[in-house]
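Worksheet for the structure shown next.
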Amino acid sequence: EASTPPQPTLLPMFPRARRKIVYESIARLLDAGMSVTNTLAVLQESTTGAMSAYCIILHQRSLEGHPFSELARHCPRLFNPADVQLLHAAERTGDIPAALRSLCEQIDAEMEFRQSILRSAAYPVLLVVMAIVVLPIPIIIFQSTNAYLWAVGINLSWFILFLFCVFWGLPWLVRRQPLKAHLQKLAWRLPWPASIYVRKARESYTRVLCHNLRAGLPIYESLQSAA
C-alpha cells in the first residue's frame, strides 16, 4: 500500500533562507528546460525531511495536471498567499522562473529588514544596559556591593524579559490572526519601527508591481496582485 504524503498543515515552516534555496532550485531547473513535474521529481529525490515531503505533495498534484500556482496554494507553509498570486500572474505570461527569482529578492529584502531592525535597536539597548549598570552605583556607597549587584541583576533580568517579548514574542503574535492586521496598522503609527516597516512595505509592493508590469499584466491586475 502506497504511503500517504504528509499533509501541509502538519509540516514545519521553512525558514526564509531555506525557502530561498527551494525557489532558486526550481527556477534553475525550469530555465534548463525541464517541466514542472520533472523539476519536482528531481527535488523530491535530492532532498530530505520537510522539503522532500512538500516535493512529494507538489509532484503528485502536478501529475494530476494542476498548474504551478495551484500546486503552491496547497503548500501554504512554503508559499504564502502573496506568493501564490505572483505565481498565478507569472503563469499567464509564461515566466514562472522570473517570478521565483522575484520571491528570492523579496526574501532577501525581508532578511535585510530584520537586520535593520536589530541594527536600529542596538544603540538604545546599549544605553539602557549602561543606565542599569551605572545608575545604581550610589547603592555601593550607601548600602553594599551585594545590594548593588542584586539591583543590577534584577533590572537586567526584567530588561532581558522585555527584549524577549519584543524580538520573539511580538513576531509570534504578528503571525497570529486577527492580531496580525491590528499590529500592522499600529506599526504605521508608531515612531519606531514604523519608519523601517513602512519602507519595507513600500519596497515589497513596488518590487512585485514592477515585476507584474514587466511581465505584461494589465495595470489593474498588476496592482491587485501586488497588494
Side-chain angles (χ1 to χ4, degrees), residues 1-111 174-178 180-181 204-205 207-218 220-227:
E1 183 179 355
S3 60
T4 303
Q7 296 301 314
T9 54
L10 302 180
L11 298 177
M13 172 70 77
F14 280 111
R16 289 183 177 88
R18 196 170 183 192
R19 294 206 324 261
K20 181 182 177 182
I21 295 175
V22 176
Y23 302 157
E24 289 176 339
S25 300
I26 296 176
R28 283 196 299 266
L29 292 173
L30 292 178
D31 282 333
M34 297 185 67
S35 65
V36 172
T37 300
N38 291 337
T39 294
L40 296 174
V42 170
L43 290 178
Q44 175 183 336
E45 295 174 356
S46 60
T47 56
T48 58
M51 169 80 171
S52 178
Y54 265 118
C55 290
I56 292 174
I57 296 172
L58 293 172
H59 181 254
Q60 290 192 356
R61 290 186 179 275
S62 68
L63 292 175
E64 299 172 359
H66 296 288
F68 189 75
S69 61
E70 186 65 23
L71 302 179
R73 194 185 308 276
H74 285 85
C75 290
R77 293 188 175 181
L78 182 58
F79 298 95
N80 61 43
D83 298 339
V84 175
Q85 289 293 330
L86 181 60
L87 293 172
H88 179 68
E91 284 178 339
R92 299 184 56 182
T93 59
D95 199 358
I96 294 178
L100 292 169
R101 286 189 289 269
S102 178
L103 294 180
C104 292
E105 295 175 359
Q106 183 173 341
I107 288 178
D108 289 335
E110 291 175 354
M111 296 174 69
V174 168
R175 292 191 292 268
R176 307 275 81 79
Q177 296 290 353
K180 180 177 180 179
S204 177
Y205 178 81
R207 185 183 307 107
V208 176
L209 178 60
C210 290
H211 172 80
N212 291 342
L213 293 175
R214 285 197 304 267
L217 285 179
Y220 174 75
E221 294 185 11
S222 297
L223 293 170
Q224 188 179 36
S225 175

Check your understanding: Taking all non-hydrogen atoms of both residues, which atom of A99 and which atom of A90 are closest, and how far apart?
Key -> CB-CB, 3.5 Å

Review point. With a cut-off of 6.0 Å (strictly less than), are more than 12 heavy atoms of other residues, nucleotides or ligands near NE2 of H66?
Key: yes

Review item, side-chain donor-acceptor pairs of residues 29-36, under 3.5 Å, at least two apart:
residue : atom : partner : partner atom : Å
D31     : OD2  : R101    : NH1          : 2.6
S35     : OG   : N38     : N            : 3.2
S35     : OG   : N38     : ND2          : 3.2

**Study point:** side chain to side chain contact (heavy atoms under 4.5 Å, CB included) assessment of H74 paired with R61
**Key:** CA-CA 9 Å; H74 285 85; R61 290 186 179 275; 3.3 Å; yes

Review point. Roughly how far apart are N80 CG and C75 SG, rounded to 0.5 Å?
Key: 12.5 Å

Check your understanding: What pairs with E24 under side chain to side chain contact (heavy atoms under 4.5 Å, CB included), at least two apart in sequence or on another chain?
Key -> K20, R28, C104

Review point. Can you tell me how far OG1 of T39 sits from CZ of F68, rounded to the nearest 0.5 angstrom?
Key: 8.5 Å

Review point. Between the side chain of S25 and the main-chain N/O of I21, is any donor-acceptor distance below 3.5 Å?
Key: yes

Point to revise | pair P97-D95: side-chain heavy atoms closer than 4.5 Å | key: yes

Check your understanding: Once you round to the nearest 0.5 Å, how far does SG of C55 lie from CG of L43?
Key -> 4.5 Å

Point to revise | Rounded distance (nearest 0.5 Å) linking atom CZ of R19 with atom CG of D83 | key: 7.0 Å

Check your understanding: How long is the span from the CG atom in L71 to the CG atom in L78, to the nearest 0.5 Å?
Key -> 11.0 Å

Exercise for review: Determine yes or no for a side-chain-to-main-chain donor-acceptor pair under 3.5 angstrom, with E91 supplying the side chain and I96 the backbone.
Suggested key: no

Check your understanding: Atom CZ in R73, atom CG in L87: separation rounded to 0.5 Å?
Key -> 10.0 Å

Check your understanding: Who pairs with L63 by side chain to side chain contact (heavy atoms under 4.5 Å, CB included), at least two apart in sequence or on another chain?
Key -> T37, H59

Exercise for review: Determine the minimum heavy-atom distance between S69 and V84, stating which atoms define it.
Suggested key: O-CG1, 3.7 Å

